[in-house]
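Okay, handing you the structure first.
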Amino acid sequence: MIETKLLEKTCEAVKHLYGHEIGTGAIGLEKTKKEIIGDYTIVVFPLLKISRKSPEATATEIGLFLRDHVKEIIEFNVIKGFLNLVLSDHFWMNFLVKNFSHPDFGFHKTRHERPVVLEYSSPNTNKPLHLGHIRNNLLGFSLAEILKANGHKVVKVNLVNDRGIHICKSMLAYMKWGNKETPASTGMKGDHLIGTYYVLFNKNYKAEMLNLIEKGLTEAEAERQAPLIMEAQEILRKWEAKDIETVDLWKTMNGWAYEGFDATYRRLGVDFDKIYHESKTYLLGKSLVMEGLQRESLIQKEDGSIWADLRDEGLDEKLLLRSDGTSVYMTQDLGTAQLRYDDYHPSSMIYVVGNEQNYHFDVLKRVLVKLGKAYAAHIQHLSYGMVELPQGKMKSREGTVVDADDLMDEMFKTAEETTRELGKANELSETEANNLFNKIGMGALKYFILKVDPKKNMLFDPRESIDFNGNTGPFIQYTYARIQSLLGRANAAGFRCEDENVLLQLPLLPLEKETIVRLYQFQAAVIQAGDEMSPAVIANYLYDLAKGFNQFYQELPVLKEIIEEKVALRILISKFTGDIIKKSMNLLGIEVPERM
RNA sequence: GGUCCCGUAGCUCAGUUGGAUAGAGCAACAGCCUUCUAAGCUGUGGGUCGCGCGUUCGAAUCGCGCCGGGAUCACCA
């Protein structure tokens with residue numbers, strides 16, 4: 001890319017002019033600010049110690065050297081310590097002509113042998129997915145696409161938390177109050193049906209606790225002694241003992257949950273290459289811990305419980321096996337890490353998990369190191385922030401969760417209303433219309449969530465719903481649809497690509513050039529998004545691209561332009577923009593409609 | 001209490017490997033459809049970048065100390 005060349009040539013300039021060898025890292029190269037003439041700017045302040053001259057003189061000397069030694073640079077200007085370089089129109093035209101028809105532009109061919117294992121979603125089978133899971137799923141899916149675009153093989157895995165006390169709670173409530181209901185008999189999605197029992201358990205559990213507290217128990221005592229929780233624990237023991245009835249019910253209810261999840265995943269447009277079940281991996285975790293104990297990298301206490309001692313690393317002791325020999329969350333995660341490593345020998349293992357588990361992953365890595373696992377160094381935690389509601393954090397018990405399926409229904413409805421109001425569904429068949437509403441609704445939702453830096457907490461206000469104007473998914477989809485319409489007309493009118501050599505000589509108007517420059521930046525955006533594991537980089541790039549194109553489209557005629565070569569040029573720009581919008585949207589897991 | 005994260009316009013967010021007058025969208029107001037889709041474009045107003053000190057030629061960005069918000073530190077997951 002041209003950036004690399006500019007950096008290297010600047011180093012040469014410094015060596016030639018001042019006799020100093022410097023690395024490209026010592027040079028500040030950035031895009032020139034909008035108001036100033038130029039494409040790239042070199043900040044020369046850091047070089048003054050070497051040049052021993054004024055900022056202006058240094059910048060001018062380097063500018064002269066670059067102009068003479070880099071054929072793409074046709075002129076430059078100096079403002080204080082800023083050297084602004086102007087690249088030739090020919091350079092930008094050449095880029096456009098050489099790349100616009102290249103389907104893989106901006107993407108790298110697979111260049112890493114070992115795959116990346118990417119875990120995301122990881123639901124519990126005791127309740128349906130909510131808005132927080134949506135963020136997780138969208139991030140995970142998008143990140144997979146971004147990594148593929150950067151030349152990685154990606155294995156998407158889902159670790160289902162299908163065992164444990166929380167699962168038993170739903171089971172118990174169902175046994176007590178379920179009346180043999182099924183998804184079929186109630187017409188409810190399986191995961192939602194199970195969710196009602198989870199809620200029911202908590203309601204009654206809370207009532208029992210209050211009762212006990214009234215009788216003089218402390219809260220902690222009540223929590224442990226309430227009959228319901230003790231019954232749930234009994235179910236857990238039966239499950240671990242492989243009691244047939246218990247295991248059967250567990251299988252049945254989990255089956256309902258899976259059916260429900262599958263439907264939600266399909267609608268969200270996410271998928272997995274491999275599904276792990278905690279019920280099948282926790283035993284491997286146990287054996288890893290026992291090995292570690294034998295090798296004396298772990299410690300056992302008098303009551304039989306096994307721990308990792310991390311005190312000399314500034315952390316605490318961490319329990320890995322309970323005194324009764326049963327496993328905890330960490331045990332299970334050690335097992336799945338090992339399993340994944342054995343299954344794929346990946347170059348890295350990425351976990352898309354909320355930032356509330358930062359400590360967990362810190363400990364996980366350290367314990368794996370203690371167990372002598374070299375792959376611990378390649379575990380990465382994509383730690384994303386919480387989705388908050390105007391009232392604060394979502395809490396299932398207080399009924400303030402935004403359900404994933406409900407939300408998607410809402411989005412669809414809003415998309416339908418808005419589209420009909422605008423009269424844009426009039427000529428569509430029902431299937432086509434529903435298809436469009438779905439694309440728009442999901443596009444709005446996905447873009448809304450992915451445009452925020454994953455690391456940050458974000459706010460979701462269901463009342464205001466999601467806008468379809470401004471910096472939104474539908475805005476970008478609309479830009480794409482407009483381009484397709486334009487290209488359709490161009491095609492119908494029989495416009496064909498002009499002779500390349502003619503185009504290469506064309507002078508560019510500012511809006512034309514700005515748009516081409518943005519297209520060029522797609523390559524850097526893909527790389528940056530991969531490095532930072534951030535779909536938001538793509539989303540922000542996309543908005544900039546679409547916004548800029550709309551300006552171009554508004555100000556300059558394409559098909560109505562008089563100069564034939566300009567028509568060809570602008571069609572080329574439009575086509576390339578459309579292609580990159582589509583590719584970028586796909587990196588976010590968002591579809592674009594041909595008409596809207 | 002220990003550790004970690006966050007604090008930018010009324011609201012939601014960009015910008016944070018230190019660089020030029022801090023940017024968008026929404027909301028408000030004012031314009032632009034006899035010309036390629038107005039889910040669009042243009043313009044106006046709106047800021048002690050939480051506060052203070054420091055490092056630097058230069059700080060929203062780095063360091064330290066406060067203030068405010070959040071997460072986490074379970075024989076929960």
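Below, chain A is the first sequence line, B the second, and so on; all start at residue 1.
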A/Glu561: partners by side-chain hydrogen bond (donor to acceptor under 3.5 Å, both in side chains), with sequence neighbours left out: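 Here the qualifying residues are A/Arg570.
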Presence of A/Arg570 side-chain N/O under 4.0 Å of B/C36 phosphate oxygens OP1/OP2: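 Answer no for this pair, as no side-chain N or O of A/Arg570 is under 4.0 Å from OP1 or OP2.
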Touch class at under 4.0 angstrom, heavy-atom based, for A/Met596 against every strand present: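 Answer is base: heavy atoms of A/Met596 come under 4.0 Å of a base.
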Touch class at under 4.0 angstrom, heavy-atom based, for A/Phe475 against every strand present: sugar-phosphate
Stacked cation flag A/Arg135 on A/Tyr384, 6.0 angstrom / 45 deg: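 Output no; distance or angle outside limits.
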Dot-bracket pairing map - RNA chain B, Watson-Crick plus G-U, both contacts under 3.5 Å, | cross-strand: (((((((..((((.....[...)))).(((((.......))))).....(((((..]....))))))))))))....
Pairwise C1' distance, B/G68 and B/G50 [rounded to whole Å]: 7 Å
Residues which pass side-chain hydrogen bond (donor to acceptor under 3.5 Å, both in side chains) with A/Glu514, listed by chain and number, not counting sequence neighbours: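 Scan of A/Glu514 (side-chain hydrogen bond (donor to acceptor under 3.5 Å, both in side chains), adjacent residues dropped) gives none.
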Qualifying residues under ring-ring contact (aromatic ring centres under 6.0 Å, His included), relative to A/Phe460, sequence neighbours excluded: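 Only A/Phe448 meet the ring-ring contact (aromatic ring centres under 6.0 Å, His included) criterion with A/Phe460.
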Sugar-phosphate only, base, or nothing, as touched by A/Ile440 at under 4.0 Å among non-hydrogen atoms: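 Since a base atom lies under 4.0 Å of A/Ile440, the category is base.
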Side chain of A/His166 - closest among B/U37, B/A77, B/U35: B/A77
Distance below 4.0 Å between A/Arg482 side-chain N/O and B/A39 OP1 or OP2: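 Looking at the OP1 and OP2 atoms of B/A39, neither is under 4.0 Å from any side-chain N or O of A/Arg482.
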B/A77 phosphate, OP1 or OP2, under 4.0 Å from A/Tyr329 side-chain N/O: no
side-chain hydrogen bond (donor to acceptor under 3.5 Å, both in side chains) partners for A/Thr414, two or more places apart: none
Polar side-chain atom of A/Asp162 near backbone of A/Ser279 as donor-acceptor pair, under 3.5 Å: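 Yes, because the side chain of A/Asp162 sits within donor-acceptor range (under 3.5 Å) of the backbone of A/Ser279.
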A/Ile37, CD1: over 12 other non-hydrogen atoms inside 6.0 angstrom: no
Whole-Å gap separating P (B/G25) and CD1 (A/Ile449): 22 Å
Rounded distance in Å between the P positions of B/C11 and B/A28: 16 Å
Under 4.0 angstrom between A/Ser485 side-chain N/O and B/C36 OP1 or OP2: no
Heavy-atom check, side chain of A/Pro123 versus side chain of A/Leu129, under 4.5 Å: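 Side-chain contact under 4.5 Å: yes.
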Atom-pair distance (CG on A/Asn457; P on B/G70), nearest Å: 11 Å
Sugar-phosphate only, base, or nothing, as touched by A/Ala490 at under 4.0 Å among non-hydrogen atoms: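 A/Ala490: no heavy atom of the nucleic acid under 4.0 Å.
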Whether over 12 other heavy atoms sit under 6.0 Å from A/Lys575 NZ: yes
Which donor-acceptor pairs under 3.5 Å do side chains of residues 545-553 of chain A form with protein atoms, sequence neighbours excluded?
from, atom 1, to, atom 2, distance (Å)
A/Asn550, OD1, A/Arg482, NH1, 2.9
A/Asn550, ND2, A/Thr479, OG1, 3.2
A/Asn550, ND2, A/Ala546, O, 3.4

RNA chain B contacts among residues 538-546 of chain A, heavy-atom distance under 4.0 Å: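 Here the set is A/Asn540, A/Tyr543.
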Ring pair (Phe, Tyr, Trp, His ring centres under 6.0 Å) pairs, two or more places apart, involving residues 30-52 of chain A: A/Phe45-A/Phe82
Phosphate contact (B/G70 OP1 or OP2) by A/Lys455 side-chain N/O below 4.0 Å: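 A/Lys455 to B/G70 OP1/OP2: no side-chain N or O under 4.0 Å.
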Spacing of A/Ile476 atom CD1 relative to B/G40 atom P, expressed in whole Å: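 The answer, rounded to whole Å, is 11 Å.
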Closest to the A/Asp467 side chain, choosing from B/G25, B/C76, B/C26: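 The nucleotide sitting nearest to the side chain is B/C26.
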Pairwise C1' distance, B/A14 and B/C49 [rounded to whole Å]: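 About 13 Å, rounded to a whole number of Å.
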Selection residues 418-427 of chain A - residue pairs positive for salt bridge (Lys or Arg N to Asp or Glu O under 4.0 Å), sequence neighbours left out: A/Glu416-A/Arg420, A/Glu427-A/Arg595
Under 4.0 angstrom between A/Lys451 side-chain N/O and B/U12 OP1 or OP2: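 No, outside the criterion.
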B/S/- contact track for nucleotides 16-21 of chain B, protein heavy atom under 4.0 Å: B--BBB
Passing candidate, side-chain contact (heavy atoms from CB on, under 4.5 Å) with A/Gln300, options A/Leu293, A/Leu320, A/Leu321: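 Going through the options one by one, the only one that passes is A/Leu293.
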d(OH, A/Tyr478; C1', B/C36) in whole Å: 11 Å
Sugar-phosphate only, base, or nothing, as touched by A/Asn161 at under 4.0 Å among non-hydrogen atoms: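 Sugar-phosphate only.
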Chi class for B/C29: syn within 90° of 0, otherwise anti: anti
Distance-only donor-acceptor test (3.5 Å): side chain A/Thr419, base B/A39: yes
Separation of the C1' atoms in B/U61 and B/A38, to the nearest angstrom: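 That atom pair is separated by 39 Å.
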Neighbours of RNA chain B within residues 548-559 of chain A, by heavy-atom distance under 4.0 Å: A/Asn550, A/Gln551, A/Tyr553, A/Gln554, A/Glu555, A/Leu556, A/Pro557, A/Val558, A/Leu559
Sugar-phosphate, base or nothing in reach of A/Gln357, heavy atoms under 4.0 Å: base
Ring centroid separation A/Phe468 to A/Tyr478 under 6.0 Å: no
Atom P, compared across B/U55 and B/A9: separation rounded to whole Å: 28 Å
5' precedence on RNA chain B between A/Asn471 and A/Val328 (nearest-nucleotide basis): A/Asn471
Quiz: residues 524-539 of chain A side-chain donor-acceptor pairs under 3.5 angstrom, not counting sequence neighbours:
from, atom 1, to, atom 2, distance (Å)
A/Gln528, NE2, A/Glu532, OE2, 2.9
A/Ser534, OG, A/Ala536, N, 3.3

Side-chain N,O (A/Asn358) to OP1/OP2 (B/A71) below 4.0 Å: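 Checking B/A71 against A/Asn358, no side-chain N or O comes under 4.0 Å of OP1 or OP2.
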Same-atom distance (P) from B/A20 to B/C67, integer angstrom: 32 Å
C1' gap between B/G69 and B/C57, integer Å: 36 Å
Salt-bridge criterion met for A/Glu240 and A/Arg237 (N-O under 4.0 Å):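 No salt bridge links A/Glu240 with A/Arg237.
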Whole-angstrom distance between B/G15 and B/A24, as gauged at atom P: 15 Å
Heavy-atom closest contact (A/Ser170 atom, A/Tyr197 atom, distance):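 A/Ser170 and A/Tyr197 have their closest heavy atoms at O-CB, 3.7 Å.
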5' precedence on RNA chain B between A/Lys34 and A/Glu532 (nearest-nucleotide basis): A/Glu532
Between B/C76 (P) and A/Arg224 (CZ): distance, integer Å: 11 Å
